[in-house]
Amino acid sequence: MSGIIAETEAYRGRRDPASHAYRGRTERNAVMFGEAGHAYVYFTMGMHYCLNVTTEPPGNAGAVLLRAIEPLEGVEEMVRNRGQDKGVHIADGPGRLTKALRIDRSLNGEDIVTSERLFIERGPKPKRLGKSTRIGVSKGVDREWRFFVMGSRFVSKGKPPVSTQNP
DNA sequence: TTCGTGATACCC
DNA sequence: GGTATCACGAAC
């Protein structure tokens, strides 16, 4: 299965009150404090997994949450993984994305640079990027750290862009 | 808009 | 050990 990343959000460390790492390192968020290029997968809201990729050198926390992909290969498998609903609502939203791709805690800490199970390749450059504040956070709401492909049907519902830019 | 659902973290 | 909180989704 594969897809093109369509929507992400950035989370940082001690200075980002919306981040899991804000209150320091714990067993759950330990991966965020490790090497860049690893998967940070956590379980939330009693039912959803979310997938992040770490971005900072060891000691500094930081990660990018993958919020949506445009399904590319293995679409039927993704639909099966997701259960009933179909259409474009296959992987738009962090919980849907992980369910469609069958990502769970077994991938937490996975080195996506060397892994065969989970990795990122360079894809087509989006025509236009949108930017907005992050979704579902109550702190750090002023930070415009959500980025998405403008006009993509595969971006999760939510906030319109506060601004756009060419990449 | 409402509610299901369970891990986590932090305070006793 | 108790409990408030939570980077959400699906059905109303």
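These figures come from a predicted structure and were not determined experimentally. Note on naming: letters A, B, ... go to the chains in the order of the sequence lines (proteins, then strands), and numbering restarts at 1 for each one. Computation of the quantities below employed the complete heavy-atom set of this structure, encompassing side-chain atoms and omitting hydrogens, waters and symmetry-equivalent molecules.
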Range-with-range stems of DNA chain C (Watson-Crick or G-U pairs under 3.5 Å, three or more in a row)
B:1-4 with C:8-11, B:6-11 with C:1-6

Taking only side-chain N and O atoms of A/R12, does any of them lie within less than 4.0 angstrom of OP1 or OP2 on C/dA7?
no

For A/Y49, what residues pass the ring-ring contact (aromatic ring centres under 6.0 Å, His included) criterion, not counting sequence neighbours?
A/F43

Which nucleotide in the set B/dC10, C/dA7, B/dA9 lies at the smallest distance from any side-chain heavy atom of A/R28?
B/dA9

So what does A/R105 touch, heavy atoms closer than 4.0 Å: a base, only the sugar-phosphate, or nothing?
sugar-phosphate

For the pair made of CE in A/M45 and C1' in B/dA7, what is the distance, rounded to whole Å?
11 Å

List, by chain and then residue number, the residues other than A/Y22 in its hydrophobic cluster (Ile/Leu/Val/Met/Phe/Trp/Tyr, side-chain heavy atoms under 4.5 Å); write none if there are no others.
none

C/dA10, OP1 or OP2 - any side-chain N/O from A/R82 closer than 4.0 Å?
yes

Tell me, please, whether A/F119 has A/R117 positioned over its six-membered ring: NZ or CZ under 6.0 Å from the ring centre and within 45 degrees of its axis?
no

Using only side-chain N and O atoms of A/T26, determine if any of them is under 4.0 Å from OP1 or OP2 of B/dA9.
yes

Nearest to the A/M47 side chain among B/dT8, C/dA7, B/dG4, which nucleotide is it?
B/dG4

Please report, rounded to the nearest Å, how far the P atom of C/dC6 is from the OH atom of A/Y11.
12 Å

Would you mind telling me which of B/dT8, C/dC8, C/dA7 lies closest to the side-chain atoms of A/H48?
C/dC8

Please check the phosphate of C/dA7 (OP1 and OP2 only) for any side-chain N or O of A/K139 closer than 4.0 Å.
no

Rounding to an integer number of Å, can you tell me how far A/Y49 OH sits from C/dA7 C1'?
16 Å

Are A/R96 and C/dA10 close enough that a side-chain N or O sits under 4.0 Å from OP1 or OP2?
yes

